[in-house]
Amino acid sequence: MIRISLVIPTHNRAQQLIAALESVVRQTLPAAAWECVVVDNNSADDTPECFAAFAAAHPECNLRRVEERRPGVSYARNRGLVEARAPIVAFIDDDERINESFLQSYLEFFESHPGAVVAGGRIIAEYPEGRPAWMSRYVEMPIANPMDFGRTVRPFPAGRVPGGGNMAFRREGLRRFGGFDPSLGRVNGELIGGEENDLFERLLRGGETIWYLPGAVMWHIIPPQKLTRDYFRRLSYNVGVSQRLRAQIHRRVAKTLLFEVLKWGATLLLCLTMAPHRSVWLLRLRCGISRGLFTPVPRQAASRTE
């Protein structure tokens, strides 16, 4: 019987997807207890062929690929939720790898906590060509979103939520809160996000507790092209755009803009404690976010603006 489903949205990253699947098929949970649903979101590369070959090489695992034609990771995740056959649904991205007890950790948690709806795990940033010297932990967050809140199961700290590439839900609970908002989330390489934060905000407002599971570990693999100044500029700007879109959805634009002003004060104080080359990148981050926040840009135009 399938007891937990793993959903992986993918778009034009066949090789990264196969690397992620290599970690998936090594799970300690018996293969009969889980499935992996790859949601192909309009890939134009050889994703279908690569997946078919991989699945054929691992007939003992419940691996299947479905297509979602509507562009965007939110549509892909929602499609995975519909396709999932288990009461527990975990999500990862196609540029990651997971530890061998990933699915078992989530399954054991939800089965021992019948009232829990949502949980997230540990995220470790992995830099194949080394972590840049200019990167502080503040600048690293929008790029890799590492998180480690200890070795015991606990609620997430205030102000923190799971990363979109390492989260799990009780399926019916997630449906009750409406799933992922398709007006948010990355589309065809566009860097607007925020769909996970929007969902977690709805869950918290609904009285749910978001749990942290140290046993569910994900390595977020950061390639060199995501460490360039141009990518960082676009990413920072679109973080701000994403924050403004969510503020508009939840009708708190003025509050969000005020918080951004306060964050500038904190940023300047932090810069005084850091090496100059790290301070520069922190200031670039804050400038980019502020540009996105204070310049209303329709979603359809955001990627063209940058």
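For this chain, numbers begin at 1 and follow the sequence in order.
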Contact check, side chains of [X] and [Y], non-hydrogen atoms, under 4.5 Å:
| X | Y | value |
| --- | --- | --- |
| Y138 | L270 | yes |
| L227 | M135 | yes |
| T209 | F156 | no |
| H220 | N166 | no |
| V73 | N41 | no |
| E83 | R64 | yes |
| V217 | I123 | no |
| P162 | E196 | no |

[X], [atom1]: over 12 other non-hydrogen atoms inside 6.0 angstrom:
| X | atom1 | result |
| --- | --- | --- |
| R205 | CZ | yes |
| F294 | CZ | yes |
| E129 | CD | no |

[atom1] of [X] to [atom2] of [Y]: how many Å apart, nearest 0.5 Å?
| X | Y | atom1 | atom2 | value |
| --- | --- | --- | --- | --- |
| S43 | H11 | OG | NE2 | 6.5 Å |
| L258 | R252 | CG | CZ | 13.0 Å |
| E140 | R137 | CD | CZ | 10.5 Å |
| T47 | Q16 | OG1 | CD | 9.0 Å |
| R122 | W219 | CZ | CH2 | 7.5 Å |
| R233 | C287 | CZ | SG | 12.5 Å |

| Steps toward salt bridge (Lys or Arg N to Asp or Glu O under 4.0 Å) verdict (R13, D93) | CA-CA 11 Å; R13 293 205 284 201; D93 292 329; over 6 Å; no
| said: Over 60° means perpendicular and under 30° means parallel, so tell me whether W211 and H113 are parallel, tilted or perpendicular. | reply: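 Judged by the thresholds at 30° and 60°, the geometry between W211 and H113 is tilted.
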| task | List the steps, then state whether side chain to side chain contact (heavy atoms under 4.5 Å, CB included) holds for Q243 with V239. | result | CA-CA 6 Å; Q243 290 180 3; V239 167; 3.6 Å; yes
Where [X] and [Y] come nearest, the two heavy atoms and their spacing:
| X | Y | result |
| --- | --- | --- |
| I18 | C50 | CD1-O, 3.7 Å |
| I222 | P128 | O-CD, 3.2 Å |
| A84 | V89 | CB-CG2, 3.7 Å |

Any donor-acceptor pair under 3.5 Å linking the side-chain atoms of [Y] with those of [X]?
| X | Y | result |
| --- | --- | --- |
| H250 | D198 | yes |
| S290 | W264 | yes |
| S101 | N99 | yes |

| message | Assess the residue pair F200 and E208 against the criterion (side chain to side chain contact (heavy atoms under 4.5 Å, CB included)); give the C-alpha distance rounded to whole Å, side-chain angles, the decisive distance to 0.1 Å, and a yes or no. | response | CA-CA 9 Å; F200 293 133; E208 300 297 338; over 6 Å; no
| Y106 ring center near F91 ring center (under 6.0 Å) |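 No.
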Do [X] and [Y] belong to the same hydrophobic cluster, where Ile, Leu, Val, Met, Phe, Trp and Tyr are linked whenever their side-chain heavy atoms lie under 4.5 Å apart, directly or via other members?
| X | Y | value |
| --- | --- | --- |
| Y127 | W281 | yes |
| V39 | L184 | no |
| V66 | L81 | yes |
| W134 | I289 | yes |

| request: Determine, stepwise, if the pair L63 / F51 fulfils side chain to side chain contact (heavy atoms under 4.5 Å, CB included). | output: CA-CA 9 Å; L63 307 174; F51 176 83; 4.0 Å; yes
[X] side chain to [Y] main-chain N or O, any donor-acceptor pair under 3.5 Å?
| X | Y | value |
| --- | --- | --- |
| T295 | G292 | no |
| S236 | G288 | no |
| N12 | D45 | yes |
| D181 | E195 | no |
| Y212 | F149 | yes |
| N62 | A31 | yes |
| R291 | Y237 | no |
| D40 | E67 | no |
| R278 | A133 | yes |

| Is the charged tip of R77 near the ring of F180: under 6.0 Å from the six-membered ring centre and within 45° of its axis? |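 Flagged: R77 positioned over aromatic ring of F180.
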| field | Reference residue E260; test side chain to side chain donor-acceptor pair (under 3.5 Å); the match among R244, R286, K255 | value |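 Filter result, single survivor: R286.
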| query | What residue among L29, I88, T28 forms side-chain contact (heavy atoms from CB on, under 4.5 Å) with L103? | reply |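 Exactly one option meets the side-chain contact (heavy atoms from CB on, under 4.5 Å) with L103, and it is L29.
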| request: Answer yes when R176 and E172 have at least one side-chain N-carboxylate O distance shorter than 4.0 Å, and no when they do not. | output: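 E172 and R176: not salt-bridged.
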| Hey, are R97 and E22 close enough for a salt bridge, meaning a charged N less than 4.0 Å from a carboxylate O? |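 Salt bridge flag = no for E22 with R97.
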| task | Kindly indicate, with the supporting measurements, whether the criterion side chain to side chain contact (heavy atoms under 4.5 Å, CB included) is fulfilled by M167 and I92. | result | CA-CA 7 Å; M167 55 186 179; I92 66 171; over 6 Å; no
